[in-house]
Amino acid sequence: SGGASAPAEKKTEFSIGWSIYAGWMPWPYAQQAGIVKKWEDKYHLKIKIVQVNDYVESINQYTAGKLDGVTLANMDALTIPAAGGKDTTAVILGDYSNGNDGVLLKGATNLSAIKGRSVNLVELSVSHYLLARALEKGGMTMTDVKTVNTADADIVGAFASPDVTAAVAWNPQLSVMRAQPGVTQVFSSADIPGEILDLLVVDSATLKANPDLGKALAGIWYDTVQLMMKQDASGKAARAAMAKLAGAAPETFDSQLKTTFLYTDPKAAVAAAQSPALVTTMTRVRDFSFAKGLFKGATSADAVGMAFPGGKTLGDAQHVTLRFDDSYMKLAADGKL
Amino acid sequence: MRWINWHLSKRDRLIAGGAPIVLLLVIYLVTAVQRHAANPSDKILPLPSGMAKAITDLLTTPDPLSGHLVFWADTLASLQRLGLGLGIATLFALVLGLLIGALPPVRAALSPLVTGIAVIPPIALLPILFIALGLGETSKIVLIAIGVAPVMVRDIAAHVGSLPREQIIKAETLGANSWQIIVRVALPQAMPRLIQAIRLALGPAWVFLISAEAVASDIGLGYRIFLVRRYLAMDVIIPYVAWIALLAILADLVLAATSRRMFPWAHEAAR
Amino acid sequence: MRWINWHLSKRDRLIAGGAPIVLLLVIYLVTAVQRHAANPSDKILPLPSGMAKAITDLLTTPDPLSGHLVFWADTLASLQRLGLGLGIATLFALVLGLLIGALPPVRAALSPLVTGIAVIPPIALLPILFIALGLGETSKIVLIAIGVAPVMVRDIAAHVGSLPREQIIKAETLGANSWQIIVRVALPQAMPRLIQAIRLALGPAWVFLISAEAVASDIGLGYRIFLVRRYLAMDVIIPYVAWIALLAILADLVLAATSRRMFPWAHEAAR
Amino acid sequence: MSALLSLRNVWVEYGEKVVLEKVNLEVSEGAFLSIIGPSGAGKSSLLRLILGQEAPTRGQVLLGGEPLEPQCGPDRGVVFQRYSVFPHMSVLGNVMFGLECPAAPIAARLFGSARRKAMGEAAAMLHAVGLGDSLNLYPAQMSGGMQQRLAIAQALIKRPRILLLDEPFGALDPGIRADMHGLITQLWRDYGLTIVMVTHDIKEAFTLGTRVLALDKRRHDPHAPHRYGATAVYDLPLRTAPAVVPPAPPQPDPNPLSAAAS
Amino acid sequence: MSALLSLRNVWVEYGEKVVLEKVNLEVSEGAFLSIIGPSGAGKSSLLRLILGQEAPTRGQVLLGGEPLEPQCGPDRGVVFQRYSVFPHMSVLGNVMFGLECPAAPIAARLFGSARRKAMGEAAAMLHAVGLGDSLNLYPAQMSGGMQQRLAIAQALIKRPRILLLDEPFGALDPGIRADMHGLITQLWRDYGLTIVMVTHDIKEAFTLGTRVLALDKRRHDPHAPHRYGATAVYDLPLRTAPAVVPPAPPQPDPNPLSAAAS
Ligand SMILES: Nc1ncnc2c1ncn2[C@@H]1O[C@H](COP(=O)(O)OP(=O)(O)OP(=O)(O)O)[C@@H](O)[C@H]1O
Ligand SMILES: Nc1ncnc2c1ncn2[C@@H]1O[C@H](COP(=O)(O)OP(=O)(O)OP(=O)(O)O)[C@@H](O)[C@H]1O
Ligand SMILES: [Mg+2]
Ligand SMILES: [Mg+2]
């Protein structure tokens, strides 16, 4: 079980969980295309890429110590493993949602029409956060709407029901829902760029004992994203394969990629990790989470400590459980992997 | 004394029945304490103190929607859905089970359909349910009913169908028509089995209730469980599940007692 | 002819049984055509052509992981899990059901525990299950087993417990000890009921299988259904559900025939 | 006088096994037919045929000249060999059921004064079979003989045109058996019933019946015992129907024990 | 000679209802006790007591001087009033079961030559009760009398020390009944069994038994019929145990039909 204090031993076999989301499809593709194998051989270790169909369950499995790393959003990294006392390090800042999350209304084209409606969304998720930010920007508060928790697998079906008129969702569901007649996207993550981040996190103790794991993961990641972003046949084939793995048509997948700001260049990722905007974002996220009671039993938003590149911290510096580590991305940027 | 004849006293039965449950609780406690020694903020196996605190919170916090205390509001909402869903399923089981079991033409016409519905996993077709019934209470209640009714219908139909043929003949010689045989011969003899079927359906009914509340809801025990699952708050989930189990066991005991009281003839050993 | 005596010929039974199913299909078709007339890209009620196309795709595309064709790979994976889960549940039902039903001390010790497990909705404890057993096959099989076994155990136990007391006494006068009574008197008479219990458990077993595959899996009928649910691809979901229903109905028929063939004494009307 | 019930060349077979073969029988209205024969000869099977519970493999059963419908109606009453009463009804309820069915086609229950009248009638019949003290028991709380008497009371209260009795007095002691004989004879005479009774008590068969039919195998193949079935080997007419010459009611022995012990 | 079985001031009550009161009975080894009495008197209840199936409300049942354990063992054999055989076993299987249990404590089945020997023994017993042609039938495929004979064969094959028979020949025709009488008497004599038999046939009670016990109510309260129970009203010793004077086997009537019809 993964506690911050648990001494991790050196090992050679690791498992990384992923679930279906446009920004995370490079992982299974890397395995399929042999990129994982290449980096495994280089660092003499084994990395199992494990699909977990249910996103929440993949995080739970990581928190419970059954996975060494997992793909997740910044907010969930904070509220689930980190708030649960599991010392977690974000190794890769993969992308930010640039329209992959959105607020949809039926029969209205303006955000202000949301007032008084029931909004279906996955409560306490980034959708909830997005809704809060949307309301804030529209001069409203959370009390102006009523939220109905809706499972992400069922939200498309639910939105097809006539009595559901407002919803917040992410891709791929979002694009299907938006395609319904009479539906307008009135707010999206493109309106708050860089706030919804998608990360690859690894258990801090494991990483400390096995720094090669971080290097291999960074190697795999940048190899893969650089391949998929090529505008030639090989890039197209890679994207088509990813679409298939996600159960989507290639065109749908491409359109989802358009609303995903992928940090294909490690330098950009390092810059984003070092930027003070990250601290601002995380402050917003944790204030929202604390207000929603996601820091179980804590008396203040400072209960969970976060560390950023360059020694900056946020919250309880004595109990840092979420670390943004840019060193592996930097190695990639410097070509030293 | 052969085991088969070894009837325990009431006291011994309580002790024997309690022992494995207490043992499981002790195993849980020991494991939880160990985990907490390793990681004081372990979420997976919360300590009783943590659970008490979490539940106290829910017992004292009013639900923003209804103004009632969260815990009771959840309980009430879930029990209402469960009661309606099980009630509808019971009604179907009784009516269809009797007709299918007693009347060969109805059996021929409906039993393939019921078998078909029984084997279609309803959660796979949720979107169709949403379109037809919306996302409100109806679809939750219908999901429970569709989930448990087919098993109950088939159980009652099989039971009625296996009533001794002599009883039917006897009733016919006494001037009973099909309807009278159904209401006076088949129905009363199906009742104890119906109660047994409800008892067996309680577990699956909770499963479907929780699934329904997980899909789309803003109140209910299943809603809360799936909501807090997002941050692995086992300190809420475990007491909620224990509470569900307690409610279900109470219902089970009440049903068993009702059957013994209302249908004494079904519980006397035949002579 | 009274309805209660109106036994249809085999042909008439087929017609009567087929009619409501055909009717439902027609209603579906009409509704689907109407919806497509209003919105040609309607996803919720796909036309047969659309479903045929979607399934042909799955029937011709190899699965990237296993290299087998997706449809068959899914079917195989699911059937394997289902078979193992149901098999384990059946074994439990038989062993525990016999012991609880026949031996009062075992009943006293285990029946509260079994009732407790029966009423705890296993999906509420999914996180614990996956954490304890990992994301592999074990946890899926165990979910199915935990989901259906308690109902089966209680059913068999109730059946064995209601065997006429005279039979037990008779066996004892013939020199049988508890073990011999269990294997020679209780077990064979529990077998037809066990088969009936498996038939009734098939539906719930698929529900649990699909729930398990929805959470953690990369292959299987339930996985595929939940995967494409994100795109509301009813053109895949409906054929998959129909395929599940077909498999389950086949299993049901095979079980019913097995019971009639292996336990003829249980199917002759008592004289 | 035309026959009320006729069996024409009737065969009953279970798979390979021939149980009854070439049974020809004409039962006239008002007859009291006793059927005797060894265990397993097919006596109960014959009753099941007349009841419409089973159809013959070959041949025809005619009731009032019409082929028998394969279902049973209120014109026939039955006491099965294994006293089959409704386990979920009290003693009184079991007997009242036959009165309630024709009177209340929809509710299947009587209320108010009609109910009280039916209760009185049922209680009187139960007194006649000696169950006056057990009106509220359930069948499972009664002894074998009491259940048998309940089944008799249940069948008799309907006064069916044809009454089929399968060893109806087998579980009764001599005293009560004699009372039952008296009761049956009286009802048979008063209502002109037609009775077919299977019994193992030869004396009973001859005292009560106007005609005695013996079923047995005529032929026996020791290597294939199932090959031949039973048929009527004796058919002894004793008296004519009661309308013409009412049979004397049998005199029950007031103290069977002392008589036998002496 | 000390009693094998003694009942000391035994009462049986069901709730308010007193069924047996103050029953005192000593049965010596080797006795053949016939019990008679009206329907519902408590004869079957008495057998259930001796069987250990039920405990007396008051009083004591002693077996060989020891208080009876509340469970039944292979020293006692029983034929219940309602022929209770195992519905899932064939005729042969039903009878073999009693041979298999003691011989195969774990497998509960015999194999090879032991099995063939048991089959032979069981088949012989079934021939003796006239079921030699029905070895492979299931009970549901048999007539009432055939099931009763199966139950008799099942109990007899064990040659139990105490044999309890509850109207064992009720469903049999006179011919087969006489065969059964011969069979029982012979086994009783050959193996020195102790037999307690309930019957309604007074003649049978007196021909077979060495002692006849009549159960009936001594007192009767017409306003509260359940208040008083039955007890032994007659207890007639007829002969001593067979070891001393073996009773003559009854002579079965070769043609009961002609005898009765004459
Ligand atoms: N569970 C019970 N509750 C109430 N009364 C009961 C119960 N079981 C038996 N009795 C009563 O006990 C009495 C004796 O029953 P038992 O079966 O011993 O009679 P019996 O002498 O064998 O009669 P029969 O000759 O008809 O078989 C009956 O009057 C019956 O009503
Ligand atoms: N389902 C069946 N399969 C095979 N044989 C059967 C079946 N039902 C009855 N039989 C046979 O039919 C024969 C006649 O049975 P029936 O019950 O009519 O006899 P019975 O004359 O009433 O005998 P009893 O006097 O013993 O009651 C028996 O030999 C029995 O084995
Ligand atoms: Mg018969
Ligand atoms: Mg009796």
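Please read all numbers here as calculations on a predicted model, not as lab measurements. A, B, ... follow the sequence lines: proteins, then strands. Residue 1 opens every chain.
A pairwise comparison of heavy atoms in A:N149 and B:Y223 identifies CB-CE1, 3.2 Å as the closest pair. The shortest non-hydrogen separation linking B:R229 to A:V56 is O-CG1, 3.6 Å. Contact between A:D163 and B:G136 at its shortest, heavy atoms only, is OD2-N, 4.0 Å.
Within a 6.0 Å radius of NZ in A:K11, other residues, nucleotides and ligands contribute more than 12 heavy atoms. By the 6.0 Å contact criterion, NE2 on B:H36 is enclosed, its count of non-hydrogen atoms from other residues, nucleotides or ligands being greater than 12. In A:F288, the CZ atom is crowded: over 12 heavy atoms of neighbouring residues, nucleotides or ligands sit closer than 6.0 Å.
For chain A, the option among B:L126, B:I128, B:I123, B:L135 with the highest count of heavy-atom pairs below 4.5 Å is B:L135. Contact count against chain B (heavy-atom pairs under 4.5 Å) is highest for A:A151 among A:P162, A:A160, A:A151.
If you take OG on A:S161 and CG on B:L129, they are separated by 10.0 Å, rounding to the nearest 0.5 Å. Between the CD1 atom in B:I44 and the OG1 atom in A:T63 there is a gap of 7.0 Å [rounded to 0.5 Å]. Rounding to the nearest 0.5 Å gives a distance of 7.0 Å between OG of A:S118 and CG of B:D218.
Of the two parts of A:D152, neither the backbone nor the side chain holds a non-hydrogen atom closer than 4.5 Å to a non-hydrogen atom of chain B. Residue A:T143: no heavy atom, backbone or side chain, is found under 4.5 Å from chain B. Contact of A:V164 with chain B is made through the side chain alone, with heavy-atom distances under 4.5 Å. For a residue to count as touching a neighbouring chain, one of its non-hydrogen atoms must lie under 4.5 Å from one of that chain's; by this rule B:L227 touches chain A with backbone and side chain alike.
Residues B:F130 and A:D154 are in side-chain contact: their nearest non-hydrogen atoms beyond the backbone lie under 4.5 Å apart.
Checked against side-chain hydrogen bond (donor to acceptor under 3.5 Å, both in side chains), B:Q34 has no partners two or more places apart in sequence or in another chain.
Heavy-atom proximity under 4.5 angstrom to chain A picks out B:A214, B:V215, B:A216 from residues 197-216 of chain B.
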